[in-house]
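Notes for the one structure printed next.
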Amino acid sequence: MWAEQKRIYRWKGAVEEGKEWGLTIKTTRGLFAELRRELCRMHSYEVPELLALPVVDGNADYLEWMEREVKKPAE
């Protein structure tokens, strides 16, 4: 899911304002390090915002489906 958002933040001592696009990516904890490496390599920002948020509960059928779907094709 992509979402354009207005951002106000401090960067290198100055207050900056602009628009950014946010992206939500669903993956597993086991694949997060690889995802982080690739996103940081590809991203245009010097310090991209990349957060991992815990899933504390959810629809069991959905969580099982997601676990199956995010595996690498060779798995």
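Between the CZ atom of R68 and the OG1 atom of T28 there is a distance of 14.0 Å, given to the nearest 0.5 Å. Atom-to-atom distance recorded for E49:CD and H43:NE2 is 9.0 Å, nearest 0.5 angstrom. Once rounded to the nearest 0.5 Å, the distance linking NZ of K26 with CG of L35 reads 14.0 Å.
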Self-check item: Test log, rule side-chain contact (heavy atoms from CB on, under 4.5 Å), inputs E69 and M66
Solution: CA-CA 5 Å; E69 294 301 314; M66 192 179 80; 5.7 Å; no

Quiz item: Going through the distances and angles, do I25 and L39 end up as a side-chain contact (heavy atoms from CB on, under 4.5 Å)?
Solution: CA-CA 11 Å; I25 299 174; L39 288 175; 3.9 Å; yes

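Using a cut-off of 4.0 Å between Lys/Arg side-chain N and Asp/Glu carboxylate O, R37 and E34 are scored as not salt-bridged.
In plain terms, the two heavy atoms of V70 and L31 that are nearest each other are O-CD1, 3.0 Å.
Taking the side chain as every heavy atom from C-beta outward, F32 and L50 approach each other to under 4.5 Å.
Hydrophobic clustering (ILVMFWY, side-chain heavy atoms < 4.5 Å, transitive): V55 and Y62 are in one cluster.
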List the atom pairs, donor and acceptor, that lie under 3.5 Å between side-chain atoms in residues 14-21 and the rest of the protein, sequence neighbours left out.
from : atom 1 : to  : atom 2 : distance (Å)
E17  : OE2    : K6  : NZ     : 3.0
E20  : OE1    : R7  : NE     : 3.1
E20  : OE2    : Y45 : OH     : 3.0

